[in-house]
Structure formats: structure tokens, C-alpha cells
Amino acid sequence: MSSTLTEEAALSSTSETRTGLLYGFAAYGMWGLLPLYWHLLQSTSAAEVMAHRMVWSLPTAALILLAVRRWAWIGALFRRPKRLGLVAVSATLISVNWYLFIWAVTEERVLEASLGYFINPLVTIAIGVVVLRERLRPLQWTAVGIGAAAVAVMTVAYGEVPWISLTLAVTFATYSLVKKQTRLDGLEGFTADSLLQFLPALGFLLFLGGRGESTFTTEGLPHALLLAGAGLATALPLILFGAAAMRVPLSTIGLLQYLAPTFMFLLGLLAFDERMPPERWAGFLLVWVALCVLTFDALRTARRNRTALREARRRRPSPAGGVTPADLPQAPVGPTS
């Protein structure tokens, strides 16, 4: 009986992991394909597209909160000025990130945008060292050094710092750091940001409308629906990501995150036909080498930690003087011959 229950639990765990992977692929795939969505709105300025994204995000978040009945935290948030201040900072950072990304798509600089999200893990590590005084392992230092070399190569080759890539990476990495301090989950954080973004964005759209510069009512119904759908395009991958994070290990999420900039890179190269001279290839290749080193180090460290944990559990004596669960024979997780 116990063996049957164990096998059922193992099958359930495998099914959850498979479902989590599907959610993860969907989330990062949608993020990676967002340039196609913003490209459809190329006739609208990046500022107006971003404002619509903010305005329509709030009703989208409200409907989701209504469906899951999770709104009690909102009152508590407004009673904590420090946390509310952190949300204001995070909303500002993601607003800058959104604007620059949309602008990069409309200016046909998707490859530079994709580079920003490729180097984001390296910038996150650098911020951890500078801000949180974290100590890096040798391979992490190696990865950061290779990433810095990539930036130097592109700077020398182009005669200017790749500011789009660096700004996207720094704003998103800092946004992630601030988000950790707010202690709000994906849906709550998205809603909190939307609450603070809504009024300024709505005011900007009313200002554009008053000057006759809004495209919402002048470009036809399909265009208006695309602008209104920006809220759902923002919320849906975030929700899928939250569902994936609950079902798969953090190390797997870390690997999946490279899907989004990979899709962006392929779109810039193949769909938007952006130039890829040899010096840009050299910079990208260095970044990819850095990410391979970083990923290898993360996977090796995770494996060592799991081994150490199993050893610690095996050595731990049973409180009652009997055997511990680690001493019991384990049922097979996968199929057996």
C-alpha cells in the first residue's frame, strides 16, 4: 500500500514538473516574442504604447485578483510607507525598462535589446557584489570578467558604449533587487506597480488626446484593440512564470530565462533583418561563453548542495533511536524493467 502511494506521489511530482516546464516555456516564449507585438504598433510613439501598457495593466490585474480573491494585501501595503516607497522605486525602474525596450523595437534595435537581457544575469551578480557585499566563487568572477570583456569589445568596435543593452540590464537587475525587498509575489507586485503607474499614464494619454496626438481613436479598431491588449500581453507571461516557479526548481528557471533573449536575437536577425557585423558577433559570443560558465557553476553548486544535504540527513540520528527516513529503501521514481 505504501509503495503504491509513493509511486503515485512520484508520478504526481513528475506531472507537476512537466506542467511547470510547459508554463515556463510559454512565459519566456511570450516575453521573447513581445517584439513582434510592439512592432505591430510601430506607428505609435514608444511613450504612448508604454502609457497604454500601464493603463490597461491595472484592469487586467484587477480582474485576476477578483478571480482568485486576493486583495486583502492592498490595504496592508498602503499602511506601510517604506514598502510603498520600494514599490514606487520598482514601478519607476520597470517603466524605464519598458519604454527603452519598446523604443528599441520601433527603432529596429532588437539585437541590442536582446543583448541587454543576455547580460542581465551578469549585471545581477555585479550588483550583488557592490550592493549586498556578496562573495563570488571563482567561476562567477570569470563569467563577470568575460562579460565585461564583451562590453569592451563592442565599445571599441562601435566607438560608443552599448548603452541600450546596459540600461536594459541594469534597470531590470535593479528592479529585481528592489522587488525582493517588497516581498510581494508576481501577481501582487504586478498589481502594486500598476496601481502607481495608472494615474500618471492616464494623465499622459488624456494630454495626448487633448492635443490631438493620440492614435487610440485615429488608427482604426484593430490598432485600438492592440493598444488595449498591451495589459494582457504584460500580465499573461508574468502569471505563467509564477505558475512555473511554483512547480520547477530555481536552477531550471535560471536556464529557461535564456529563452527570451534567444527569441529576441533570432527575431532581430531573421524577422527584422538587422545588421550583425563581425564585431557584434564577437561581443555576443563572449557573452554566451560567460553565460555557459555561469550556468555550469550554478548547476555544479546546486548538485554539491543537494549531495551535502543528503549526507547530512543520512548522518542525522533518529529522535526515537530508530531508523531515519533516509535509511529506508526508496521506491523507484521512474519506470523499471
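When a residue number appears, it is its place in the shown sequence, counting from 1. Computed over heavy atoms, backbone and side chain alike; hydrogens, waters and symmetry mates excluded.
Checked by atom type and distance alone, the side chain of Thr171 pairs as donor or acceptor with a backbone atom of Leu168 at under 3.5 Å. Tyr175 contributes no side-chain N or O that, together with a main-chain N or O of Ser95, makes up a donor-acceptor pair within less than 3.5 Å. Counting only distance, with no hydrogens or angles, the side chain of Arg83 and the backbone of Thr182 share a donor-acceptor pair below 3.5 Å. At least one donor-acceptor pair closer than 3.5 Å links the side chain of Glu48 to the backbone N or O of Thr215. Judged by distance alone, with hydrogens and angles left aside, the side-chain atoms of Thr295 form no donor-acceptor pair with the main-chain N or O of Cys292 at under 3.5 Å.
A distance of 12.5 Å separates CD in Glu108 from CZ in Arg275, rounded to the nearest 0.5 Å. Atoms CG and NE2, on Leu33 and His39 in that order, are 14.0 Å from each other to the nearest 0.5 Å. Atoms OH and OG, on Tyr99 and Ser45 in that order, are 7.5 Å from each other to the nearest 0.5 Å. Rounded to the nearest 0.5 Å, atoms CG (Leu205) and CE (Met54) are 10.0 Å apart. Here the OG-CG distance, from Ser90 to Leu196, works out to 7.5 Å after rounding to the nearest 0.5 Å. We find the CE-CZ distance between Met30 and Phe25 to be 15.5 Å, quoted to the nearest 0.5 Å.
For the pair Gln140/Leu294, a side-chain contact is recorded, criterion being any heavy-atom separation below 4.5 Å from C-beta on. Using a 4.5 Å heavy-atom threshold, the side chains of Phe190 and Thr234 count as touching. Under the 4.5 Å side-chain criterion, counting only non-hydrogen atoms from C-beta, Tyr117 is in contact with Phe101. The closest side-chain heavy-atom distance from Leu93 to Phe172 is not below 4.5 Å. Contact of the Met50 side chain with the Trp98 side chain is registered, since non-hydrogen atoms from C-beta on lie closer than 4.5 Å. Counting only heavy atoms from C-beta outward, the side chains of Lys179 and Asp193 approach each other to under 4.5 Å. The shortest distance between side-chain heavy atoms of Asn97 and Ile94 falls below 4.5 Å. The shortest distance between side-chain heavy atoms of Pro121 and Tyr258 falls below 4.5 Å.
Of all non-hydrogen atoms in Phe263 and Gly29, the two that sit nearest each other are CE1-CA, 3.5 Å. In plain terms, the two heavy atoms of Leu225 and Tyr37 that are nearest each other are O-OH, 4.3 Å. Closest approach of Trp73 to Ala192, counting heavy atoms only: CH2-N, 4.0 Å. A pairwise comparison of heavy atoms in Asn120 and Ala169 identifies OD1-O, 3.3 Å as the closest pair. Heavy atoms only, all atoms of each residue included: Gly283 and Ala150 are closest at O-CB, 3.5 Å. A pairwise comparison of heavy atoms in Ala51 and Ala201 identifies O-CB, 3.6 Å as the closest pair.
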Derivation and outcome, side chain to side chain contact (heavy atoms under 4.5 Å, CB included), residues Trp38 and Thr106: CA-CA 7 Å; Trp38 306 135; Thr106 58; 5.7 Å; no

Side chain to side chain contact (heavy atoms under 4.5 Å, CB included) evaluation trace for Leu166 with Ile119: CA-CA 8 Å; Leu166 289 175; Ile119 66 175; 3.8 Å; yes

Side chain to side chain contact (heavy atoms under 4.5 Å, CB included) between Ile164 and Trp103, worked out: CA-CA 10 Å; Ile164 294 177; Trp103 178 86; 3.6 Å; yes

Residue pair Leu139, Arg300: steps toward the side chain to side chain contact (heavy atoms under 4.5 Å, CB included) verdict: CA-CA 11 Å; Leu139 283 180; Arg300 186 180 66 171; 3.5 Å; yes

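For residues 35-46, no residue pair satisfies the salt bridge (Lys or Arg N to Asp or Glu O under 4.0 Å) rule, not counting sequence neighbours. The stretch residues 146-157 participates, sequence neighbours left out, in no side chain to side chain donor-acceptor pair (under 3.5 Å) pair at all.
Transitive grouping of hydrophobic side chains (ILVMFWY, heavy atoms separated by less than 4.5 Å) brings Val287 and Phe265 into a common cluster. One hydrophobic cluster, built from ILVMFWY side chains closer than 4.5 Å, holds both Leu285 and Met154. Put simply, Phe216 and Val49 are part of the same group of oily side chains (I, L, V, M, F, W, Y) that touch within less than 4.5 Å, one to the next. One hydrophobic cluster, built from ILVMFWY side chains closer than 4.5 Å, holds both Trp31 and Leu41. Cluster membership for Ile102 and Leu232, using ILVMFWY side-chain heavy atoms within less than 4.5 angstrom, is not shared.
Under the 3.5 Å distance criterion, with hydrogens and angles disregarded, no donor-acceptor pair is assigned to the side chains of Ser57 and Gln197. No hydrogens or angles considered: nothing links the side chains of His52 and Thr44 as a donor-acceptor pair under 3.5 Å.
The ring of Trp281 has its center no closer than 6.0 angstrom to the ring center of Phe284.
By the salt bridge (charged side-chain N to carboxylate O under 4.0 Å, His left out) test, Arg211 pairs with Glu213, sequence neighbours left out.
Heavy-atom contacts from other residues, nucleotides or ligands closer than 6.0 Å to CH2 of Trp288 number more than 12.
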